[in-house]
Amino acid sequence: MSSESTPRPGHDVASAQSTDAAADAGRTALAGGIRPRRFGAWYVAEHRFRVMRSYLQTVIATGIGNPIIYLYAMGVGLATLVDQNLGDDAVDGVGYLAFVAPALLASAAITVASEEFTYPVMLGYKWNPIFFGMNASPLRPTQIVDGIVISVTIRMLVTCGIYFAFMLVFGAVPSPLGFLAIFAALLTGLGFGALLMGYASTLEEDTGQLAMVMRLVVLPMTLFSGTFFPLSQFPIWLQWIGWISPLWHGTELSRVFTYGYAEPIWLTVAHVLYLLALFVLGWAWARRVAVRRLNR
Amino acid sequence: MPAPVIVATDLVKRYGEFAAVDGISFEVAPGESFGLLGPNGAGKSTTMRMVGAVSTRTGGDLSILGLDPDRHGPEIRSQLGVVPQSDNLDTELRVRENLLVYGRYFGLPGKLVAQRADELLAFAQLEEKAAAKVESLSGGMKRRLTIARALINDPRLLLLDEPTTGLDPQARHILWDRLFRLKEQGTTLLLTTHYMDEAEQLCDRIVVVDEGSIMAEGTPAELIRRYSSREVLEVRFGSDRNAEAAERLAGLGDRTEVLPDRILIYSADGEAELERVIDAGLHPITSLVRRSSLEDVFLRLTGRSLIE
């Protein structure tokens with residue numbers, strides 16, 4: 001995982017230097033590297049949280065406001081209409097709210113991912129190159145990436161936790177295993193987000209690529225991921241979009257947990273593996289780019 | 001002699017075919033203030049990044065505090081303070097927060113960092129700006145904050161890449177004063193600059209770098225003695241007559257240097273040379289006798305001025 005080998009205390013110092021003062025300096029240095037090597041990624045996460053504080057109001061507003069607005073609009077608005085026409089087992093044998101709520105949860109994770117894994121990453125390399133400052137400290141490029149992943153994971157977990165609490169309040173979670181949907185959503189956000197982070201890391205110039213990704217990938221993804229209606233409503237030649245969409249996999253997975261959506265077990269496993277694979281791929285990509293860009 | 005803080009031997013950094021640093025060697029002793037002097041693109045910043053353990057060398061040997069940066073990057077960086085050429089302060093955080101958060105990267109406890117942050121804000125004369133946004137600071141203040149940030153871990157070696165480039169004269173003098181204090185306290189300094197006066201003010205020893213190689217090494221006084229005369233006479237005749245006057249002045253002084261806008265005559269006695277110029281029937285528009293500087297050394301060594 002590390003681009004630099006683990007230190008062997010004393011070795012270099014003893015062989016390279018004869019005087020005590022130099023050995024002393026070397027020993028101090030070796031001691032000084034221990035904590036950053038071990039906890040470096042957490043220090044980066046600490047930094048992210050300090051920055052998030054400056055837009056804490058937005059974080060809270062979206063964290064609490066979004067579930068209320070969406071669940072209310074869907075649960076009281078659209079669901080009433082759908083259920084009136086199709087009955088209490090409108091879609092998949094459940095009411096519309098129960099059907100749509102786990103999908104909204106997964107979308108909420110995607111929203112956090114597309115906020116935190118894009119512009120802050122580009123900012124750190126380019127507009128306000130703090131990653132270079134971090135890299136001049138004992139932190140390593142890979143730890144900078146890891147720290148971002150840690151901080152976003154925590155923010156996403158809190159956001160999804162709050163969302164899920166509102167889902168309970170609205171009575172949108174029939175299954176006792178429903179809470180597992182929080183982790184399904186988290187995996188969705190991280191799988192998609194890590195790819196975004198990898199891509200954002202590679203951008204040397206901003207010519208609107210990220211805005212384009214938001215418009216052409218993130219927003220339409222909701223329409224093709226079985227969020228508001230089952231993917232099977234599409235003709236087969238359009239369904240492939242859903243199959244590659246992390247949001248579709250995350251949504252289906254969430255539904256398995258919140259209302260026991262019936263699908264073959266291999267498909268459930270495939271959702272998890274697919275999202276995990278995207279996460280690992282994107283993460284490794286971002287780490288690779290970080291090493292290349294910061295070590296010039 | 002105490003063991004050196006930096007030992008660079010035949011250090012090379014190549015980007016594809018291009019050698020940004022082409023086999024340079026130098027040593028820096030503890031407490032010494034060492035300058036890399038050269039024009040833009042000479043390889044100074046690349047050398048700084050290699051010493052700062054953030055750029056892997058292509059060839060040669062490098063030892064910082066007795067450790068190899070290839071294997072002990074984090075360990076070495078834990079003992080360094082780095083002031084990069086362009087400020088990378090965190091504009092999303094306030095002034096004091098920049099110090100707090102940076103101190104944490106070294107694994108220092110929050111309480112210690114907070115205490116040092118206050119001391120360093122005083123040192124950098126930024127106490128009143130503690131809660132200010134970074135964006136609201138002047139260029140000089142940002143530089144001082146960057147230096148304060150570089151000192152948060154009480155470094156053994158401070159790397160300064162063109163610390164005063166882009167600052168107005170007053171801001172430069174404040175900065176020099178701060179750096180001089182650090183030097184007095186025994187901090188080892190490695191700095192790059194293309195300002196002669198800066199090198200003369202701050203450096204005990206200098207290497208002149210051009211196109212990735214070292215041209216000369218010594219104290220500022222030594223270099224001037226070795227590569228220049230005691231005084232320099234500068235005469236201007238206007239750009240039209242410059243070349244013609246230069247021809248007639250050939251042979252004056254120890255040597256002459258013809259620049260597009262003026263002629264430099266190197267000599268132990270500048271006033272005496274000026275008399276000879278006038279005796280030759282030439283009447284310069286302006287004349288100036290001054291002491292030789294590192295600028296002259298550089299001109300002699302490379303045939304080019306430092307700032308082009």
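Note on naming: letters A, B, ... go to the chains in the order of the sequence lines (proteins, then strands), and numbering restarts at 1 for each one.
When the shell of 6.0 Å around CZ of Phe123(B) is examined, it contains more than 12 heavy atoms from other residues, nucleotides or ligands. For CD of Gln57(A), the number of neighbouring non-hydrogen atoms (other residues, nucleotides, ligands) closer than 6.0 Å is 12 at most. Other residues, nucleotides and ligands place no more than 12 heavy atoms under 6.0 Å from the CH2 atom of Trp42(A). Counting non-hydrogen atoms of other residues, nucleotides and ligands closer than 6.0 Å to CZ of Arg293(A) gives a total above 12.
Listed options Gly133(A), Ala29(A), Gly33(A), Pro129(A) were ranked by heavy-atom pairs under 4.5 angstrom with chain B; first place goes to Ala29(A). In terms of heavy-atom pairs under 4.5 Å with chain B, the best-connected choice from Asn128(A), Leu123(A), Ile130(A), Ile34(A) is Asn128(A). When each of Leu80(B), Ile76(B), Leu89(B) is scored by its heavy-atom pairs under 4.5 Å with chain A, the top score falls to Leu89(B). For the set Gly32(A), Pro36(A), Ala136(A), Gly40(A), the entry with the most heavy-atom pairs within less than 4.5 Å of chain B is Ala136(A).
One finds the OH atom of Tyr105(B) at 9.0 Å from the CD atom of Glu46(A) (value rounded to the nearest 0.5 Å). From His47(A), atom NE2 reaches atom CG of Leu93(B) across 5.0 Å, with rounding to the nearest 0.5 Å.
Between Val51(A) and Asp90(B), the shortest heavy-atom distance links the atoms CG2-OD2, 4.4 Å. The shortest non-hydrogen separation linking Thr28(A) to Arg156(B) is OG1-NH2, 3.4 Å. The minimum heavy-atom distance linking Asn295(A) with Ser55(B) is given by the pair OD1-CA, 3.0 Å. In plain terms, the two heavy atoms of Arg37(A) and Pro74(B) that are nearest each other are NH2-CD, 3.6 Å. Heavy-atom minimum distance, Leu139(A) versus Arg77(B): O-NH2, 3.0 Å. The heavy-atom pair separating Gly26(A) from Leu67(B) by the smallest distance is O-CD1, 4.2 Å.
When side chains are defined from C-beta on, Phe106(B) counts as touching Ser137(A), because their heavy atoms get closer than 4.5 Å. At least one side-chain heavy atom of Val54(B) sits less than 4.5 Å from a side-chain heavy atom of Asn135(A).
Applying a 4.5 Å heavy-atom cutoff, the residues of residues 95-104 of chain B that approach chain A are Glu97(B), Leu100(B), Val101(B), Tyr102(B), Arg104(B).
Both the backbone and the side chain of Phe132(A) come within contact range of chain B, judged by heavy atoms closer than 4.5 Å.
In summary, Arg50(A) and Glu92(B) do not engage in a salt bridge, as defined by a charged side-chain N under 4.0 Å from a carboxylate O.
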